Visitor: 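Here's a structure for you.
This one's a predicted model, so the numbers in the text were calculated from it and none came from an experiment. Throughout, a chain's letter reflects where its sequence line sits, starting with A, and its residues are numbered from 1.
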Amino acid sequence: MTAYIIRRLLFLVFVLFGVSILIFGLLSTFSPERRAAAYVTTPQQAENIPLIIKEYGLDKPIYVQYGKWIQQVAQGNLGWSLVAARPVAKAFWNYFPTTLELNLFASPLVVIVGIWLGTMSGVYRDSFFDHSTRIAAIVGWSLPTFLFALILLMIFYGYLDLFSPGILSSELALWVANNPDQFVRYTGMYSIDGLLNGRPDITLNALNHLVLPVLTQVIVVVALLMRVMRSGMIEEMSKDYVITAKAKGADFKTIYQKHAKRNALIPVITVAGQLVALSMEGSIAVEVVFNRQGMGWWLAESATQLDMPVLMSVCMFVGLVFVISNLIIDIMYAYVDPRIRLH
Amino acid sequence: METSTTMDAVQAHEHPRLRELKFTLVRIFRNPSAVIGVVLLSFFIGVAIAAPYIAPPKYAHAPYKMPHKGFSPTPKPPSERFIMGTTSGQYDILYGVVWGTRTAFKIGLLVVGFAGLVGVTLGVVAGYYGGWFDEILMRFVDIVWSIPLLVLAMTIVVAFGRGLENIIIALALVEWRWYVRVIRSEVLKLRHQEFVQAAKLMGVSDRKIILRHILPNSIYPVLIMGSMDMGSMVITASFLSFVGLGAPRGYADWGQMVALARNYIVGPANNPLQFWYTIFFPGICIILFVLGWNLLGDALRDAFDPKLRRR
Amino acid sequence: MAVLLTAQDLTTNFYTYEGVVRALDKFTLSIDHGCTFGLVGESGCGKSVTVRSMLRVIQSPGVIEGGRVLFSEQAGTDPIDLLELSEEEMEGIRGDSISMIFQEPNAALNPVLTIGYQVAESFLFHRTAQMSTRICEKIDGGVSFGLLTPLYRAMLSIAAKSPKSRFLKACSRIPLLRRWDTPVKDEAMRRAVDIIGKLGIANPEEIVTRYPHNLSGGMKQRIVIAIALACHPTLLIADEATSNLDVTVQAQILQLLNDLKKESISSILLITHDLGVVAETCEKVGVMYAGTLCETGKVEEVFSRPLHPYTQALLTSVPKFHQEGELQSIEGSVPNLVYPPSGCRFHPRCPKAMEQCSIEKPELKELRKGHFVACHYAEAQVGGLV
């Protein structure tokens, strides 16, 4: 087990190295002037672009450039973000909690709802419930996240005036910005910081702003999980061990909950990586439409301003998260399926 | 008794592959979702072909440029002249929606075609021959795999520059990884099966084995994925257009039309849904287009799934 | 001898895409108390469907269309029709009065649950009340389960009266209260260890913590048998229980079943395509063809003086040690049951077929004492009970 994890961590280093080469290769399509932005860390430096070109050898062969760039990256110098008007590494901590908050609320819902719906429609195959969830899933799968988010905004913000875009109402956001000593941002997530600072009103307001984004995220991601769980359940329910259990005198609920469900979870775990990727992509669209300043918003905004350093760092970060979550998924796999031994 | 013998006789005369195809087609079209999918797609194909007649282009040399009457940012409701109304910038929504269909097909077919071709070729070669090529290719796929499609595509578009062509290139450059993985795993399953081994022993050339035995038996998952991908690539491309990485303003593209409508999803306080048409028409087009491909893909999966088949 | 189980006119269809497969057509069979009954037939003739229909464990798209399955657990009592029982009542019978061993031990065990749990489940389904009563007695007798003893005592006394009560099910969702069944589960596990040990598996304590993939085929089959035997069934149905095993293991398992029959079970229904196994272990035999029973009676009687042409053909197609000349086989192939032959289902392949055979379905008739045959030809030859 330990050996397996060590090997996977080495794989992680390999993948990150590969991603860095890939990204650097893309960067090399830029002119030296624009590439220089990847090395800037202060506004003063931005005025001395030729100096940077010289310092980092941007007119030198590509492997020399890569060596110097990766040195900078290793020191935590990820370049300058135009959108955030500060170094990428610093801006990161501004945006990351917002995205984390969204997914902290959405992911458990996705897992619970997806597995439950998938189980039920697989168990009661071809029932009315099954048909309706199947249709809902395929429509949900066909809904572009950004469009769905816009429609929700149209109805719940425009027409019903229940929820609004953003992270926090403007008055509260202003108050927080003006009183940094009274409102400490422990986690960067308003819903949690509100409680930690004894301001339940801020928590409530933040949660209110989270309703639509979380709903969008859940609906778009849950369709895949549901579909895999459903077909897994259908397959497992037709296996011989189900008849054994039935012949033992097991009631229907025991059969599908105790016997079939755990087996059906195995294929679900194989698509867990895809679910993670889907959530990452979903976060981008959700944050753009609901105007939540998180990683996704930052990425999209940087892309429209052709802000390469941010894109590169986000790619590296996302790769890191993805490989680590895959490692966790593999360990879960071994836990659920006793036939798997990690080595 | 009579009927059963005649039926057996008819079935015996047909080529088995033809019979299987017939069986599959019947299976597919017994599924209502396939029928709806095919109807939706036929509708869109019809619109795409008839685009010059439904919405005659104003600029013959650039039919994808949406004509606009005036520059006012406030959309105008459907009228006799513009039956779907005009969106922000006074672009004719009907025109954009009709020519946007062509754009959508262009994106889907080019991306899926290129990614499928490259992916299948590399995947079959890697899966069949194995060895160092397989090793290098799969490690490369591992690297590309670690970044979600949208993030990587965005980065590539930024590196290559804005525009629809670059979106297509970027999506194709990312999406082939799926096809490699899927077809390679299919080929690996087939490679050691008896009929392939038998063909090898009989001295059939590798090229023939791949074309006659491997490809026909491993292509179904690719077809299913290709169908689903047509939809999801259009979604991703429209999102990239929506954020402003797509074609220049005024190009007939559903994603951009949604972007134009973005500021008008909430109307004035007394009539919050005043500008519904700006988002409704392009939005419904994207949804139905994607739905059509997904329904078709779903029906294909049900028909080809050996576990669900023959029930 | 008193009749234990009778299937009358049992009809089961499978609604597939190709059409309705008429797998069982008015199937009739009866098994006596204390008897080992062998059901033989080619693969695909509906042997498994028969027993699965009797236990009502047919999977979709199969549907039991009609007939009766009469079961009288105690000799002499009024029989009950299993097909009329509610699903809940049926759950009480499966695994308790009637249990089943399956063909493929690899598939019959759940790969993600421990062996111990899978065996213990039988006790949990049928013996919770009994086990709860025992534990209550133990608690009254001074055995303590630590701090939670009073809680256990209270809940167990409810379980002892009605093990399937709604109240207990609701409590199983509440933390702390849900632990009431811990001693019951422990007891069930102890019993599982016991029965596995009795079936001749070394270190049962260790085996119960293992998963099916850790065991060999023969061991798995023993576990499947342990599951079936857990509650001392009156009727044990063994569906090709030994077909996929090595010959030596096969012999061991058959020996085991034979020994067990003497001790704990009343009757065995052995389903197989192996005539040798039937000749060796069974007292009575039924021969099945394409969803119908053609011939049944004492093994020696049927095997030495077969009346049905199918049984005769089946017996001549068994290779014998001192055989000379070619092995006989039955002309033609098993019919497609979507379009079953009219009349007698065997008539297209029957060397003795008469005109009547393609028109009228023959009924099962007692042509010799205790020897039932469904065949127009045999009827005409023998001419009724002699």
Visitor: Is A:Phe129 atom CZ crowded by more than 12 heavy atoms from other residues, nucleotides or ligands, each under 6.0 Å away?
Guide: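 More than 12 within 6.0 Å, yes.
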Visitor: Considering all heavy atoms of both residues, which atom of A:Val336 and which atom of C:Val112 are nearest to each other, and what is their separation?
Guide: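 A:Val336 and C:Val112 have their closest heavy atoms at O-CG1, 3.8 Å.
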Visitor: Please list all pairs passing the side chain to side chain donor-acceptor pair (under 3.5 Å) test where one or both residues lie in residues 98-109 of chain A, with sequence neighbours left out.
Guide: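 Pairs touching residues 98-109 of chain A that pass the test: A:Thr99-A:Glu287, A:Glu101-A:Ser191, A:Asn103-A:Gln217, A:Asn103-A:Ser283.
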Visitor: Using a 4.5 Å heavy-atom cutoff, which residues in residues 253-274 of chain A come close to chain C?
Guide: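 Those residues of residues 253-274 of chain A which have a heavy atom under 4.5 Å from chain C are A:Lys253, A:Thr254, A:Lys258, A:His259, A:Arg262, A:Asn263, A:Ile266.
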Visitor: In this structure, are over 12 heavy atoms from other groups packed under 6.0 Å from C:Phe167 atom CZ?
Guide: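 No - once you tally the heavy atoms of other residues, nucleotides and ligands closer than 6.0 Å, there are 12 at most.
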Visitor: When only heavy atoms count and the cut-off is under 4.5 Å, which of residues 240-247 of chain A reach chain C?
Guide: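 Only A:Asp240, A:Tyr241, A:Val242, A:Ile243, A:Thr244, A:Lys246, A:Ala247 of residues 240-247 of chain A have a heavy atom under 4.5 Å from chain C.
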Visitor: Using a cut-off of under 4.5 Å on heavy-atom pairs, state which of C:Glu121, C:His126, C:Met100 scores highest against chain A.
Guide: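 That would be C:Glu121.
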Visitor: Could you have a look at C:Gly92, C:Ser99, C:Cys231, C:Ser122 and say which one has the most heavy-atom pairs with chain A under 4.5 angstrom?
Guide: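 Heavy-atom pairs under 4.5 Å are most numerous for C:Ser122.
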Visitor: Of the listed residues (C:Gln118, C:Arg56, C:Arg94, C:Glu88), which shares the most heavy-atom pairs with chain A below a 4.5 Å separation?
Guide: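 Among C:Gln118, C:Arg56, C:Arg94, C:Glu88, the one with the most close pairs to chain A is C:Arg94.
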Visitor: Under a 4.5 Å heavy-atom cut-off, does chain A meet the side chain of C:Leu113, its backbone, both or neither?
Guide: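 For C:Leu113, the contact with chain A is made by the side chain alone.
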Visitor: Around C:Lys185, counting heavy atoms of other residues, nucleotides and ligands shown, do more than 12 lie under 6.0 Å from its NZ?
Guide: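 It does not: C:Lys185 NZ has 12 such atoms or fewer within range.
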Visitor: So which bits of residues 216-228 of chain C come within less than 4.5 Å of chain A, counting non-hydrogen atoms only?
Guide: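 Near chain A, by residue number: C:Ile227.
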Visitor: Which heavy atom in A:Pro338 sits nearest to a heavy atom in C:Pro111, and how many Å separate them?
Guide: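 Heavy atoms only, the tightest pair is CG-O, 3.4 Å.
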Visitor: Please flag which part of A:Lys248 lies under 4.5 Å from any non-hydrogen atom of chain C: side chain, backbone, both or neither.
Guide: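 Both parts, backbone and side chain.
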